[in-house]
Amino acid sequence: MGIAFSALWQRVFGKEEMKVCILGLDNAGKTTLLYKMTMNEVISTAPTVGSNVESFQHQNLNILLWDVGGQTSLRQSWAQYYSKARAIIMVVDSTDRERLPLAKEELHKMAHDEALAGAAMLVMANKQDVRGCMNAAQISEGLDLTSLRDRPWHIVACSALTGKGLAEGLDWLTLRLKEA
Ligand code: G3D
């Protein structure tokens, strides 16, 4: 399973140097997803970017892993790290009904950030292995994804633990990045 993801990931992003943002509220499963998708072949490059931002290198990719929620005053100084990112992977904890409105707020802040204009947005409705979690349609509605009109977006139901949905998400990104 891991090897397949690593190959897929390489197919998605090709050989050129590229920036990708993985963001979401704390505990959404970003780190687990990152390691699953890259088969642990990821190097932490700049742990001092900020208390809730981590930077990784995987093959030709610069990956910024970012806990969003609050800290608006610091956002400005992070723009240099994420400007010109080609893809945004927003990870949502499908069991966290209470903080879905906060996730929505953060997603739309990113969507309106000029530094990320045009970047493809993949929403990963994570933790689908947990009984009683929200499904992708409920999360899509809660995040008001249909209001995103200036960029391609897609939502997948996934589980970083089982690997379900990861290939589908990466396949979608492959197509979008080829089109761009
Ligand atoms: P973050 O990087 O977004 O903050 P983490 O989130 O990747 O650290 O994950 C937070 C917790 O959620 C971890 O549990 C992790 O194992 C769990 N998690 C991540 N993805 C999934 C998933 O798909 N399903 C389930 N059931 N749990 C998941 P701990 O207990 O280590 O805090």
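Counting convention: from 1, in listed order, for ligands and their atoms alike. These numbers come from the heavy atoms of this one structure, side chains and all, not from hydrogens, waters or symmetry mates. The shown structure was predicted, so the numbers you read here are calculated from the model rather than taken from an experiment.
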Distance-only donor-acceptor check, side chains Gln128 and Ser159, under 3.5 Å: no
Shortest non-hydrogen separation from Gly118 to Pro152 and the atoms involved: O-CD, 4.3 Å
Cationic N near anionic O, under 4.0 Å, Asp171 to Arg176: no
Residues, nucleotides or ligands: over 12 heavy atoms within 6.0 Å of Glu141 CD: no
Nitrogen or oxygen of Leu33 less than 3.5 angstrom from that of ligand 1: no
Nearest-neighbour protein heavy atom for atom 26 (N) of ligand 1, which is reported as residue plus atom name and distance: Asp129 OD2, 2.9 Å
Electrostatic pair Asp67-Lys30, nearest N-O below 4.0 angstrom: yes
Close side-chain approach of Lys104 and Asp144, heavy atoms under 4.5 Å: yes
Identity and separation of the nearest protein heavy atom to atom 3 (O) of ligand 1: Lys30 NZ, 2.7 Å
Ligand 1 atoms in contact with Asp26 (distance to a heavy atom under 4.0 Å): 4 (O)
Nearest protein heavy atom under 4.0 Å from atom 5 (P) of ligand 1, yes or no: yes
For the student: nearest non-hydrogen atoms of Leu100 and Gly142, plus distance: CD2-CA, 3.8 Å
Per-atom contacts of ligand 1 with Val130, taking only distances under 4.0 Å to non-hydrogen atoms: 26 (N)
Region of Asn126 engaging ligand 1 - heavy atom pairs below 4.0 Å: side chain
For atom 2 (O) of ligand 1, the protein heavy atom that lies nearest, with its residue and separation: Thr31 OG1, 2.5 Å
Atom 13 (C) of ligand 1 touched by protein heavy atom at under 4.0 Å: no
Nearest protein heavy atom with distance in Å, relative to atom 11 (C) of ligand 1: Asn27 OD1, 3.3 Å
Taking every non-hydrogen atom, the tightest pair across Ala28 and Val91: CB-O, 3.4 Å
Atom 24 (N) of ligand 1 touched by protein heavy atom at under 4.0 Å: yes
For atom 28 (C) of ligand 1, the protein heavy atom that lies nearest, with its residue and separation: Lys127 CE, 3.7 Å
Taking every non-hydrogen atom, the tightest pair across Leu173 and Ala87: CD2-CB, 4.0 Å
Ligand 1 contacted by Gly24 (non-hydrogen, < 4.0 Å): no
Leu122 versus Gly169, closest heavy-atom pair with distance: CD2-O, 3.6 Å
Any N/O pair Gly29/ligand 1 closer than 3.5 Å: yes
For atom 15 (C) of ligand 1, closest protein heavy-atom neighbour: Thr32 OG1, 3.8 Å
